[in-house]
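In what follows, a structure is listed as structure tokens, so that the remarks can point back to it.
For reference, positions follow the sequence shown, starting with 1.
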Amino acid sequence: MAKKSMDCKEFNKLIPSFIEDTLEGKEAVRFLDHMNDCEECREEVHIQYLVREGLARLEDGTNFNLSGELNNKVDEYRRDLKHRKQALIVLYIFEGIAVIGAAFIIALVFILKG
Ligand SMILES: [Zn+2]
């Protein structure tokens, strides 16, 4: 399990990246996993997000529902990662097909193109 789960210290270091949307790949997956499992860190993200975004919004005076926005952000990350995973799977499938039947596919393309 040590491989999969991130500790609170590491999580805390990544919170700014998460808020700035620069968290990616495996790190993002592990970040979200830890956020799921650890209530303290979940609260920490909320606090940091509220402070950061709240101050910015107060300056430009827009209305906000930051808790809702944070939830959207988490959803977006999850969706994004899922799509990327699916894209990878498709890529692997195509690679597999290419390796096994490259000649066949090339022939087919030539036939289809006339
Ligand atoms: Zn934690």
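Between the CD atom in Glu27 and the NZ atom in Lys13 there is a gap of 9.5 Å [rounded to 0.5 Å]. Taken from CG in Asn36 to CZ in Arg78, the straight-line distance is 4.5 Å, to the nearest 0.5 Å. Rounded to the nearest 0.5 Å, atoms NE2 (His46) and CD (Glu43) are 8.5 Å apart. Between the CZ atom in Arg30 and the CG atom in Leu23 there is a gap of 10.5 Å [rounded to 0.5 Å]. Put simply, CD on Gln48 and CD1 on Ile19 are 5.5 Å apart, with the number rounded to the nearest 0.5 Å.
In this structure, the side chains of Met6 and Leu14 come closer than 4.5 Å at one or more pairs of heavy atoms. With contacts defined as side-chain heavy-atom distances shorter than 4.5 Å, the pair Leu32/Leu81 qualifies.
Sorted by first and then second residue, the pairs that involve residues 65-84 and meet ring pair (Phe, Tyr, Trp, His ring centres under 6.0 Å), not counting sequence neighbours, are Phe18-Tyr77.
Residue Glu39 qualifies as open at atom CD: its count of foreign heavy atoms under 6.0 Å is 12 or below.
Arg84 is linked by a salt bridge (Lys or Arg N to Asp or Glu O under 4.0 Å) to Asp80, counting only residues two or more places apart in sequence or in another chain. Judged as a side-chain hydrogen bond (donor to acceptor under 3.5 Å, both in side chains), and not counting sequence neighbours, the contacts of Asp21 are Lys73.
Looking at Thr22, its side chain does come within 3.5 Å of a backbone N or O of Ser17 through a donor-acceptor pair. A distance-only check finds no donor-acceptor pair linking the side chain of His34 to the backbone of Phe11 [under 3.5 Å].
Of all heavy-atom pairs between Asn12 and Cys41, the closest is ND2-SG, 4.3 Å. Contact record, Asp37 with Arg42: N-NH1, 4.4 Å, taken as the closest heavy-atom pair.
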